[in-house]
Visitor: 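Quick one: the structure is below, and I'll ask about it shortly.
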Amino acid sequence: MSQTETPTPSNFIRNIIQEDVKTNKRGGRVVTRFPPEPNGYLHIGHAKSICLNFGMAAEFGGRCNLRFDDTNPLKEEMEYVESIKEDVRWLGFDWEDREYYASDYFGQLYSFAVQLIEQGHAYVDSLSAEEIREYRGTLTEPGKESPYRNRSATENLDLFERMRAGEFEDGAHVLRVKIDMTSGNLNLRDPTIYRIRKTSHDRTGDRWVIYPMYDYTHCLSDSLEGITHSLCTLEFEDHRPLYDWVLKTLAVYRPQQIEFARLNLSFTLLSKRKLIQLVEGGYVSGWDDPRMPTIQGFRRRGFTPQSIRTFCDRIGVAKRDSIVDLALLEHCLREDLNKSAPRVMGVLKPLKVVIVNYPEEKVEELEAINNPEEPAAGVRQVPFCRELYIERNDFMEDPPKKFFRLAPGREVRLRYAYFIRCEEVIKDADGNIVEVRCTYDPTTRGGDAPDGRKVKATLHWVSARHAIDAEVRLYDRLFNHPHPGGGKTDYTEHINPKSLTVLTDCKLEPSLASAEPESRYQFERLGYFCADRWDSQPGRPAFNRAVTLRDQWAKIAKKGGS
RNA sequence: UGGGGCGUCGUCAAGUGGUAAGACACAGGAUUUUGGUUCCUGCAUUCGGAGGUUCGAAUCCUCCCGCCCCAGCCA
């Protein structure tokens, strides 16, 4: 898994862990965890966390647990547990037998709560949710203590036990921890740690009607699992004092929480809420739409696990808010696929070419290299005959200066085949070009002229008689603004209306008839394409464009054109 | 007016008192049967700003400015 290209820069978390290992802190162990809440699909931001947590563990010979943070039965579903596991595995990580659930700790968590009550550190509050909010104060004003704050331990124990027994309705009481209602950190103003929710839980069924909350559950789960470094995102920085307080008060093992900045990507939205809106609003076809920044979306689009891992290594880990350029992700994909993807020829927007001096019935098998970056990939035979298809935009009747593809009177090379010269342009009644007639030079078979003459362009092509038909989906970025929803604009106004173009009339070389779902190819001169995971069938493939090749001509054309 | 963070190239990001790594992007050039790949070259006298300490500061001190997060019985 170690690609050597670029040495990955160090980061503050690695430095901390390195130092801890060196000084034998916590026995020199390294145990991390990836703790998703099973209430949605994983996206590229989660991939950053996954790579970090599993990566640090692997680097220091430690372990990384997969732990589902399933403390809110109202929002969580098993469907998500399965997709999360699939995604983490697909990314290339293995949690072995360490698949944990916060709900597995409910019994222990309850005992710890009883202990807190007995110590006088927790109390049952009977204020309503709204009252609790009022008592909490504001950002600039201190809160005030609940009238129930000084109930006796005995009374609290009794009430808490009855909460658990189901004697009260949702919202009647909560269990809070007694810290400081005047703290400048609102998380310390007697945070709630248990609430009543008469809802059955996917894993614990109806065993519980009270459920522990994040701040209380997460730190204790980390402690129970012997986590050494609990890595989370910046918004939890304010929660760290509470994390530490709970563990210290209970006198249990204390992991170290370290916060890092979450990933933001240009031209992309990564908030769970907005992603849901894109799906529910019908802007995309689902969570695995190839335009979605979900792991499922990238997978379907044709991204490799390796490219995503490389990306996560290169973006680094730091504490400052930042927006990574989408171009970097695309670069990582190209870099990976350039090395590994077999080359094939496919014509997306066909223009018929007739080689007038080529025999009607003749068919030749021409040798083509499968991957110039990987000699071991070998060669294949591609059929050639009198009628071919080339890309519509590889021909121009009246070409601008820097266009050096096919044009009237001009000679170009057909890749691995022959030099051809355009002799005539055939148009329909409306003046549309429907066919180009060319002559070929038989001495240029394979693509080189014995007389040494050069040609400025090499075109991809496909034999009309042998081509297979295919659907190809051209994907572009979902948003046409680097910061969708930035400023006062609603993000839906930044949706790129041209993010998907479906081409149904594509002609591909025959070898592609047997393309396996999820197999990736470079369509020469066009980009990297992936046989759709669900829609592609033998003999009738459907390809998704993962990313285009870098395109000098596109830049030149853009400059000149506008 | 509270608490917690963060400000180094267009975008990420190393750097932790010894004189600004690297990547992407961008711009040139070379090679090329993919206008792909590869290969060269260029791209922060300067680290949010102003003072100060020091032989020496992005790194230490002071003040100022800007940005992000926090008032769920969500995570």
Visitor: Will you find, in the side chains of A/R176 and A/H121, an N or O donor that is under 3.5 Å from an N or O acceptor?
Guide: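 No, no side-chain donor-acceptor pair sits under 3.5 Å.
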
Visitor: Without decimals, in angstroms, what is the distance between A/Q552 CD and B/A30 C1'?
Guide: 14 Å

Visitor: What integer distance in Å separates A/H460:NE2 from B/U34:P?
Guide: 14 Å

Visitor: So, A/Q522 versus A/Y528: side-chain donor-acceptor pair below 3.5 Å or not?
Guide: yes

Visitor: To the nearest angstrom, how far is A/D190 atom CG from B/A71 atom P?
Guide: 16 Å

Visitor: Give the rounded distance in Å between these two atoms: NZ of A/K559 and C1' of B/G28.
Guide: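 Whole-Å distance recorded here is 10 Å.
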
Visitor: When the P atoms of B/U59 and B/G49 are compared, how many Å lie between them, rounded to an integer?
Guide: 10 Å

Visitor: Mapping A/K402 and A/S183 to their closest nucleotides on RNA chain B, which lands nearer the 5' end?
Guide: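 Of the two residues, A/S183 wins.
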
Visitor: Would you say the base of B/U34 and the side-chain of A/Q522 have a donor-acceptor pair closer than 3.5 Å?
Guide: yes

Visitor: Students often get this wrong, so: under 4.0 angstrom with heavy atoms, is A/I323 touching a base, only sugar-phosphate, or nothing?
Guide: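 The residue A/I323 makes sugar-phosphate contact but no base contact.
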
Visitor: By the 4.0 Å heavy-atom rule, please label A/S128 as base, sugar-phosphate, or nothing.
Guide: base

Visitor: To the nearest angstrom, how far is A/L242 atom CG from B/A75 atom P?
Guide: 12 Å

Visitor: Per the atom types in the model, does the base of B/U37 pair as donor or acceptor with the side chain of A/R334 at under 3.5 Å?
Guide: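 Looking at the base of B/U37, it does not pair with any donor or acceptor on the side chain of A/R334 (distance under 3.5 Å).
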
Visitor: Does NZ or CZ of A/R203 lie under 6.0 Å from the centre of the six-membered ring of A/Y101, at an angle within 45° of the ring axis?
Guide: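 Yes.
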
Visitor: Nearest to the side chain of A/A327, which nucleotide is it out of B/C73, B/A25, B/G2?
Guide: B/A25

Visitor: Expressed in whole Å, how much space separates the P atoms belonging to B/A58 and B/U8?
Guide: 15 Å

Visitor: Name the nucleic acid region contacted by A/F404, choosing base, sugar-phosphate or nothing; use a 4.0 angstrom heavy-atom cut-off, strictly under.
Guide: base

Visitor: Which residue pairs pass the ring pair (Phe, Tyr, Trp, His ring centres under 6.0 Å) test with at least one member in residues 169-195 of chain A, sequence neighbours excluded?
Guide: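 Qualifying pairs: A/F160-A/Y194, A/F168-A/H173, A/Y194-A/Y216.
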
Visitor: Between B/C60 and B/C47, how many Å separate the two P atoms, rounded to a whole number?
Guide: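 Looking at atom P only, B/C60 and B/C47 are 15 Å apart.
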
Visitor: What residues form a side-chain contact (heavy atoms from CB on, under 4.5 Å) with A/S266, not counting sequence neighbours?
Guide: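 Scan of A/S266 (side-chain contact (heavy atoms from CB on, under 4.5 Å), adjacent residues dropped) gives A/I323, A/D325, A/L326.
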
Visitor: Can you measure A/R14 atom CZ to B/A14 atom P for me and round it to whole angstrom units?
Guide: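 Taking CZ of A/R14 and P of B/A14, I get 10 Å after rounding.
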
Visitor: Name the nucleic acid region contacted by A/V455, choosing base, sugar-phosphate or nothing; use a 4.0 angstrom heavy-atom cut-off, strictly under.
Guide: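 Counting heavy atoms under 4.0 Å across all strands, no contact is made by A/V455.
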
Visitor: Tell me, please, which residues at least two apart from A/D448 pass side-chain contact (heavy atoms from CB on, under 4.5 Å).
Guide: A/R413

Visitor: Would you please say whether a donor-acceptor pair under 3.5 Å links the side chains of A/E391 and A/N393?
Guide: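 On atom types as modelled, these side chains do not qualify, holding no pair under 3.5 Å.
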
Visitor: Would B/G52 be called syn or anti, given that syn covers angles within 90° of 0?
Guide: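 For B/G52, whose glycosidic angle is more than 90° from 0, the conformation is anti.
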
Visitor: What nucleic acid atoms does A/E524 come within less than 4.0 Å of, heavy atoms only: base, sugar-phosphate, or nothing?
Guide: base

Visitor: Can you tell me if the side-chain N/O atoms of A/R136 get under 4.0 Å from OP1 or OP2 in B/G72?
Guide: yes

Visitor: To the nearest 0.5 Å, tell me how far A/R415 CZ sits from A/I369 CD1.
Guide: 6.5 Å

Visitor: Do A/R197 and A/Y211 meet the cation-pi criteria used here (NZ or CZ under 6.0 Å from the six-membered ring centre, within 45° of the axis)?
Guide: no

Visitor: Distance between the P atoms of B/G7 and B/G15, in whole angstroms?
Guide: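 Pairwise P distance, B/G7 against B/G15, rounds to 12 Å.
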
Visitor: In terms of side-chain heavy atoms of A/P372, which of B/A23, B/U34, B/A27 is nearest?
Guide: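 Nearest nucleotide to the side chain: B/U34.
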
Visitor: Just the rounded figure in Å: distance from P of B/A25 to CG of A/D551.
Guide: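 Rounding to the nearest Å, CG of A/D551 and P of B/A25 are 14 Å apart.
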
Visitor: Given B/U11, is OP1 or OP2 found less than 4.0 Å from the side-chain N or O atoms of A/S322?
Guide: no

Visitor: Out of B/A75, B/C74, B/G35, which nucleotide sits closest to the side chain of A/K75?
Guide: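 It is B/C74.
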
Visitor: Looking at every strand, decide which applies to A/F260 at a 4.0 Å heavy-atom threshold: base, sugar-phosphate, or nothing.
Guide: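 No contact.
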
Visitor: If each of A/L127 and A/F12 is mapped to the nucleotide of RNA chain B with the nearest heavy atom, which maps nearer the 5' terminus, i.e. the 5' end?
Guide: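 With A/L127 and A/F12 compared, the 5'-side residue is A/F12.
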
Visitor: Could you tell me the separation between the CZ atom of A/F543 and the CG atom of A/L474, rounded to the nearest 0.5 Å?
Guide: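 So the CZ of A/F543 and the CG of A/L474 are separated by 13.0 Å.
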
Visitor: How would you label the contact of A/D448 with the nucleic acid (heavy atoms, under 4.0 Å): base, sugar-phosphate, or nothing?
Guide: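 Base: the residue A/D448, judged by heavy atoms under 4.0 Å, touches a nucleobase.
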
Visitor: Name the closest nucleotide to the A/T140 side chain, picking from B/G35, B/G72, B/U1.
Guide: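 The closest nucleotide is B/U1.
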
Visitor: Show me the dot-bracket string of RNA chain B, counting Watson-Crick or G-U pairs under 3.5 Å, with | for pairs to another strand and [ ] for crossing ones.
Guide: .(((((((.[[[..)..(...]]].(((((.......))))).....[[[[[..)....]]]]])))))).....

Visitor: Between atom NE2 in A/H201 and atom C1' in B/C74, what is the gap in whole Å?
Guide: 14 Å

Visitor: For A/K272 and B/C74, is the shortest distance between a side-chain N/O and OP1 or OP2 below 4.0 Å?
Guide: no

Visitor: Just to be sure I understand the rule, does A/T138 reach a base, reach only the sugar-phosphate, or reach nothing, if contact means heavy atoms closer than 4.0 Å?
Guide: base

Visitor: Determine the interatomic distance between P on B/U37 and the same-named atom on B/A23; round to the nearest Å.
Guide: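 Looking at atom P only, B/U37 and B/A23 are 16 Å apart.
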
Visitor: Please report the distance separating the C1' of B/G5 from the corresponding atom of B/C9, rounded so that it comes out in whole Å.
Guide: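 Comparing C1' positions in B/G5 and B/C9 gives a spacing of 24 Å.
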
Visitor: Looking only at atom C1', what distance separates B/U32 and B/C12, rounded to whole Å?
Guide: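 Here B/U32 and B/C12 have their C1' atoms 32 Å from each other.
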
Visitor: Look at the side chain of A/N15 and decide which nucleotide, out of B/G15, B/A75, B/A71, has an atom nearest to it.
Guide: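 Of all the options, the side chain of A/N15 is nearest to B/G15.
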
Visitor: Hey, is A/W553 stacking on B/G35? Ring centres under 5.5 Å, planes under 30°.
Guide: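 Here A/W553 meets both the 5.5 Å and the 30° conditions.
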
Visitor: Would you say the side chains of A/E130 and A/S128 form a donor-acceptor pair under 3.5 Å?
Guide: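 No, A/S128 and A/E130 have no side-chain donor paired with an acceptor closer than 3.5 Å.
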
Visitor: Give me the ring orientation class for A/H43 and A/H46: parallel if the planes are under 30° apart, tilted from 30 to 60°, perpendicular past 60°.
Guide: tilted

Visitor: Which nucleotide, B/C73, B/A25, B/G35, lies nearest any side-chain atom of A/R525?
Guide: B/G35

Visitor: With a 4.0 Å limit, can you tell me whether A/R550 has a side-chain N or O closer than that to the phosphate oxygens OP1/OP2 of B/G35?
Guide: no

Visitor: Can a donor-acceptor pair be found, under 3.5 Å and without considering hydrogens, that links the side chain of A/R164 to the backbone of A/I210?
Guide: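 No, the answer is negative, given that no donor and acceptor are paired below the 3.5 Å cut-off.
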
Visitor: On a whole-Å scale, what distance lies between the P atoms belonging to B/C69 and B/U45?
Guide: 32 Å

Visitor: If the sugar-phosphate is the primed atoms plus P, OP1 and OP2 and the base is the rest, what is the B/S/- string for nucleotides 4-10 of chain B, using protein heavy atoms under 4.0 Å?
Guide: SSSSB--

Visitor: Counting the atoms with a prime plus P, OP1 and OP2 as sugar-phosphate, which does A/I315 contact under 4.0 Å by heavy atoms, base, sugar-phosphate, or nothing?
Guide: sugar-phosphate

Visitor: Could I get the full list of salt bridge (charged side-chain N to carboxylate O under 4.0 Å, His left out) partners for A/D87, not counting sequence neighbours?
Guide: none

Visitor: Students often get this wrong, so: under 4.0 angstrom with heavy atoms, is A/R415 touching a base, only sugar-phosphate, or nothing?
Guide: base

Visitor: Check every strand shown and say whether A/F236 touches a base, only sugar-phosphate, or nothing at a heavy-atom separation below 4.0 Å.
Guide: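 Base: the residue A/F236, judged by heavy atoms under 4.0 Å, touches a nucleobase.
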
